[in-house]
Amino acid sequence: MRLSPRATTVQAPEIICSRCSGVCNNKVKELGIRIPRPVGQGPSRFLPEEEILQVGTEDSNMHSMFADAFSDMGRLDNITLVMVFHPQYLESFLKTQHYLLQMDGPLPASYQHYIGIMAAARHQCSYLVNQHVNDFIQSGGDQKWLNGLENAPLKLRNLGELNKLLAHRPWLITKEHIEQLLKTGEHSWSLAELIHAVVLLAHYHSLASFTFGCGISPEVHSDGGHTFRPPSVGNYCICDITNGNHRGDESRHTAGSLSSDSSFEVEVLMEKMKLLQECRDEEEASQEEMATRFEREKTESMLTFAIEDEDPPPGREVSKHFEDTSYGYKDFSRRGMHVPTFRVQDFSWEDHGYSLVNRLYPDVGQLLDEKFHIAYNLTYNTMAMHNDVDTSTLRRAIWNYVHCMFGIR
């Protein structure tokens with residue numbers, strides 16, 4: 001029976017896996033070729049593999065989403081397999097990423113992936129850098145560009161300053177930075193191209209944070225995702241046994257102790273949330289009061305983060321894709337420093353950003369707006385072992401704190 005293209009796409013991962021296994025078992029070993037093994041235990045270093053949805057056990061809706069992602073990217077990456085914990089957000093994320101990378105836009109595919117490399121490299125996210133290096137090559141990009149940013153076209157190199165500020169200190173961006181890129185000339189950007197580039201930069205800056213925050217492991221075929229060491233003995237690697245790192249009971253006892261501490265912290269946090277709800281003013285604070293609170297938070301954060309550890313220098317394979325490697329995030333509210341802050345009343349996504357993006361890059365504004373709303377309202381009304389919890393206070397606090405870190409109030 002002949003399969004339809006759609007059925008073939010849906011079954012492709014299973015077919016590829018089955019046939020590759022057959023080749024490995026029947027041919028490769030006969031030739032004495034070493035077979036790589038995955039380094040990590042599943043898609044995330046922070047989540048037990050058994051808790052992550054296994055391909056082949058998903059429902060029909062998720063199966064369709066997986067098939068579309070595989071058709072788009074030629075793979076089901078570990079980001080997708082971890083983000084599946086939040087199906088509504090994953091659907092919006094994949095839809096947005098598909099539009100940014102697969103649909104016709106102001107920028108060619110090679111530029112899109114190179115901008116992805118630049119953005120991920122700024123945060124030293126080798127996982128995303130390696131992913132986009134492969135996609136850049138697949139899209140027909142000039143591989144000389146991969147030898148370092150200085151080998152890329154001047155038009156892309158000129159984007160480096162905006163990439164740097166947007167990644168680490170967005171409160172320092174001024175209209176002059178935009179005007180410089182839009183200046184008439186051979187290597188200038190059109191407004192539509194620049195909107196596309198900025199959306200890509202922001203997308204991959206935030207995705208780098210997700211990658212680090214969820215402990216995403218590289219896939220077995222990627223750099224750093226495999227090893228040729230002998231398999232483990234009794235669930236432990238030989239080197240672990242000789243180093244004494246196989247004490248399961250001790251680890252379980254430690255995990256139990258940490259779990260008990262975490263439970264206590266959740267109880268305390270819930271009590272604080274309850275008090276805040278009860279003490280909330282009937283009327284919204286005035287602009288003056290909001291400004292006073294913001295300044296107070298700045299002062300408190302200065303005391304909390306007075307001592308900073310220097311970040312380790314980025315590896316050569318990542319750092320070659322951006323300039324000024326020592327530049328990174330610094331608290332914008334340092335004592336004695338006066339820096340501009342963004343007030344959402346002056347310029348907001350809802351009133352200004354949405355219409356601007358949609359006008360210059362149609363439909364992207366709608367896709368981003370949908371993604372923002374899902375992230376803002378996403379809750380399962382649970383905290384640890386507690387159900388039916390109103391999490392709005394905590395979610396708003398996290399949302400506002402992240403804004404505060406980047407000079408937005």
Side-chain angles (χ1 to χ4, degrees), residues 1-23 38 42-44 52-117 119-120 127-141 196 199-200 203-204 206-208 210-211 214 216-223 225 361-364 366-368 370-371 374:
M1 182 178 73
R2 184 169 178 152
L3 293 174
S4 68
R6 174 67 179 175
T8 306
T9 301
V10 169
Q11 294 179 2
E14 292 90 340
I15 294 171
I16 292 171
C17 183
S18 172
R19 296 202 175 157
C20 284
S21 296
V23 170
S44 168
I52 295 175
L53 180 68
Q54 302 297 310
V55 177
T57 63
E58 69 278 3
D59 60 27
S60 57
N61 288 337
M62 191 57 65
H63 192 76
S64 176
M65 208 184 302
F66 279 174
D68 289 340
F70 185 85
S71 178
D72 268 355
M73 302 183 290
R75 59 179 178 266
L76 270 184
D77 61 17
N78 286 341
I79 287 177
T80 303
L81 295 177
V82 170
M83 204 179 285
V84 79
F85 277 103
H86 307 289
Q88 187 186 10
Y89 183 82
L90 174 62
E91 183 178 13
S92 177
F93 170 84
L94 290 175
K95 204 161 41 170
T96 304
Q97 189 161 265
H98 170 81
Y99 196 92
L100 290 175
L101 297 177
Q102 306 294 331
M103 303 296 285
D104 289 337
L107 295 173
S110 59
Y111 269 55
Q112 293 171 20
H113 291 298
Y114 199 81
I115 290 170
I117 293 170
Y127 176 89
L128 289 177
V129 169
N130 291 334
Q131 201 174 79
H132 281 283
V133 164
N134 293 330
D135 291 339
F136 175 80
I137 294 170
Q138 291 293 323
S139 67
H196 193 179
V199 172
L200 284 168
H203 178 76
Y204 286 108
S206 59
L207 193 56
F210 180 89
T211 301
C214 293
I216 301 296
S217 301
E219 291 81 12
V220 65
H221 61 272
S222 305
D223 290 345
Y361 192 7
D363 297 327
V364 166
Q366 181 62 40
L367 290 168
L368 291 175
E370 176 187 304
K371 192 154 72 84
I374 291 172

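Heavy atoms only: backbone and side chains are in, while hydrogens, waters and symmetry mates are out. Throughout, numbering of the chain's residues begins at 1 and tracks the sequence.
In terms of heavy atoms, I117 sits closest to V129 at O-CG2, 4.0 Å. Summarising the geometry of M65 relative to P87, their closest heavy-atom pair is CE-O, 4.1 Å, with the distance given to 0.1 Å. Across every non-hydrogen atom of Y99 and P362, the tightest pair is OH-O, 2.7 Å. Here the closest non-hydrogen pair linking C214 and S44 is O-OG, 2.6 Å. Between G141 and S110, the shortest heavy-atom distance links the atoms CA-CB, 3.9 Å.
When only modelled atom types and interatomic distance are considered, S71 and D68 share no side-chain donor-acceptor pair under 3.5 Å.
No more than 12 heavy atoms of other residues, nucleotides or ligands sit less than 6.0 Å from atom CD of Q88.
Looking only at side-chain heavy atoms (C-beta outward), Y361 and L100 come within less than 4.5 Å of each other. Residues H113 and L101 meet the side-chain proximity criterion, which asks for heavy atoms closer than 4.5 Å. Residues Q97 and L207 have side chains in contact (heavy-atom distance under 4.5 Å, counting atoms from C-beta outward).
Checking each of L90, I216, V84 against I79 for a side chain to side chain contact (heavy atoms under 4.5 Å, CB included) leaves exactly one that passes, namely I216.
N78 places a side-chain N or O within donor-acceptor distance of the main-chain N or O of S217, the cut-off being under 3.5 Å. Side chain of E219 to backbone of D77: no donor-acceptor contact under 3.5 angstrom is found. Side-chain atoms of S64 do not come within 3.5 Å of backbone N or O of S60 as any donor-acceptor pair.
Atom CE of residue M62 and atom CD of residue E91 lie 8.5 Å apart, to the nearest 0.5 angstrom. Between the OG1 atom in T211 and the CD atom in Q131 there is a gap of 8.0 Å [rounded to 0.5 Å]. Expressed to the nearest 0.5 Å, how far CZ of F70 lies from CG of L76 amounts to 7.0 Å.
Ring pair Y111/H196: centre-to-centre distance not below 6.0 Å.
Qualifying ring-ring contact (aromatic ring centres under 6.0 Å, His included) partners for F66, counting only residues two or more places apart in sequence or in other chains: none. A search for ring-ring contact (aromatic ring centres under 6.0 Å, His included) contacts involving H98 returns nothing, not counting sequence neighbours.
Relative orientation of the H203 and F93 rings is parallel, given thresholds of 30° and 60° on the angle between their planes.
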CA sep, side-chain torsions, deciding dist, call: D363, K95, salt bridge (Lys or Arg N to Asp or Glu O under 4.0 Å):
CA-CA 11 Å; D363 297 327; K95 204 161 41 170; over 6 Å; no
So L94 and D72, side-chain contact (heavy atoms from CB on, under 4.5 Å) or not? Walk me through it.
CA-CA 9 Å; L94 290 175; D72 268 355; over 6 Å; no
